[in-house]
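For reference, the structure discussed in these notes is given below.
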Protein chains: 2
Amino acid sequence: MSITSTAAGPTTREAIAASARTMFAERGFTATSVRAIAAAAGADPALVIRHFGSKEQLFLEVLGPTRAPGPELEGPLAELGRTLVAYVLDPARDAERRAYATMVQASDNEAVRATLRTAARTSFIDRLTARLPGADAAVRAELIGAQIGGLMQAWPTIEPLLGAVGRARAVDLYGASVQALVDGSH
Amino acid sequence: MSITSTAAGPTTREAIAASARTMFAERGFTATSVRAIAAAAGADPALVIRHFGSKEQLFLEVLGPTRAPGPELEGPLAELGRTLVAYVLDPARDAERRAYATMVQASDNEAVRATLRTAARTSFIDRLTARLPGADAAVRAELIGAQIGGLMQAWPTIEPLLGAVGRARAVDLYGASVQALVDGSH
DNA sequence: GTCTATACGCTGATAGAC
DNA sequence: GTCTATCAGCGTATAGAC
């Protein structure tokens, strides 16, 4: 019944990763036990640790930042705020937003916190700093990072409230707000 | 050696609360064990539970929202963004910001998440919704809540980067950004 | 009313036999 | 690679001494 990595079926490792991804996303890091992940995957608890090193590393591997290219920052400066917010609120990136929120809620853990911080810097803040005109670009990029982080975290709460307003209006509103920091006027 | 609640010295309950406040703030919820809190307070672990019900309730009691009046929203609308940000970044509110960040990082826990959400609504978002002019006031208030939450969470990271820029400049920049959502123009 | 002692069931993680 | 057995530590509960 065992399947090698070259065959078509899922390996035990992949079954564990799939269970872990679902359960971490649904119940959070703390409430999801290694034993529960193993049971859902039809595997032994010890195998979870053997394959992934620790519960923490498994969490980061299945929910951590992907190698996605990150938001497009090369467009016109005058629309950068809107572009950023549209990227973040893109319906296609729903899973990414949820994973981010799950990680923030588990950032009690130092490795999780470090992963979040590094991902934000390399895929976003550093590139944004280089792109921003005017004075205090680094500080303004960090402040924009705070805005975007706040939006990603709050979105699951805000989205159901939208009703007739619509996502596009939210993109307009928040985009204009981010744009104020892009411009950085006095 | 025991001291009643009417005497001047700290009771065991107060010693436990003091230790818990320090250790939760320094090491977070998960990494702080009930046994470690008890040891630091010179008390028995069982007493921690007896006095506070659970580790979770102790955490909320020592780090949860105070009965502070919340930000002033009654000033002129044209300065509301700046007023809000100045309130949040007030050096005197440093401990509150740190407590908020600690709670967000532990919001893996459902009771913590509920406490944060309720506090934000009652002390801030609901009042702000009533104050905002124009359409979509509720949605705009939530978006401002996202901005403010993002700022409070990121501030410990941003503050050391300020250097010569200064807190006042950050208040100006972020305040103008919040103001864009207060105005809600197209 | 405090407080101590003890214990229960669960957790993440490890060592070593198949 | 996989499973069994086991570990120390966790949050929590309770019985009973002062």
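Each chain gets a letter, A, B and so on, in the order the sequences are listed, and its residues count up from 1.
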In whole angstroms, the gap separating P of C/dG12 from CG of A/N109 amounts to 13 Å
Side chain of B/R35 (C-beta onward), nearest among D/dA13, D/dC10, C/dG12 = D/dC10
Under-4.0 Å side-chain N/O to phosphate OP1/OP2 contact, A/T12 with D/dT2 = yes
For the pair made of CD1 in B/I49 and P in D/dA15, what is the distance, rounded to whole Å?
-> 17 Å
Does any pair with a residue in residues 113-123 of chain B pass side chain to side chain donor-acceptor pair (under 3.5 Å), and if so which ones, sequence neighbours excluded?
-> B/R117-B/E142, B/R121-B/E142
Atom CE of B/M23 and atom P of D/dC10: how far apart are they, to the nearest Å?
-> 11 Å
Could you please spell out the steps behind the salt bridge (Lys or Arg N to Asp or Glu O under 4.0 Å) verdict for A/R13 and A/E61?
-> CA-CA 12 Å; A/R13 190 182 199 279; A/E61 182 154 334; 3.2 Å; yes
Rounded to whole angstrom units, what separation is found between the NZ atom of A/K55 and the C1' atom of C/dT14?
-> 17 Å
Would you indicate which nucleotide in D/dC3, D/dG11, C/dG12 comes nearest to any side-chain atom of A/A46?
-> D/dC3
When rounded to whole Å, the CD1 to P distance for the pair B/I16 and C/dT4 reads 10 Å
Against the side chain of B/D44, the closest entry in C/dA5, D/dT2, D/dC3 is C/dA5
Distance, rounded to the nearest Å, where B/F59 contributes CZ and D/dT12 contributes P | 13 Å
Between NE2 of A/H51 and P of D/dG1 the distance, given in whole Å, is 7 Å
Could you work out which one of C/dA13, D/dC3, D/dT12 sits closest to the side chain of A/L47?
-> D/dC3
Look at the rings of B/F24 and B/F59 and say which category their plane angle falls in: under 30° parallel, 30 to 60° tilted, over 60° perpendicular.
-> perpendicular
With the 4.5 Å side-chain cut-off for hydrophobic clustering, are B/L77 and B/L181 part of the same group?
-> yes
Would you say the side chain of A/R50 and the base of D/dG1 hold a donor-acceptor pair, judged only by whether the two atoms sit under 3.5 Å apart?
-> no
Lys/Arg N to Asp/Glu carboxylate O, A/R97 vs A/D94, below 4.0 Å = yes
Please report, rounded to the nearest Å, how far the C1' atom of D/dT2 is from the CZ atom of A/R13.
-> 15 Å
Closest to the B/S33 side chain, choosing from C/dC3, D/dC10, D/dC3 | D/dC10
Look at all strands and tell whether A/T32 reaches a base, only sugar-phosphate, or nothing, counting heavy atoms closer than 4.0 Å.
-> sugar-phosphate
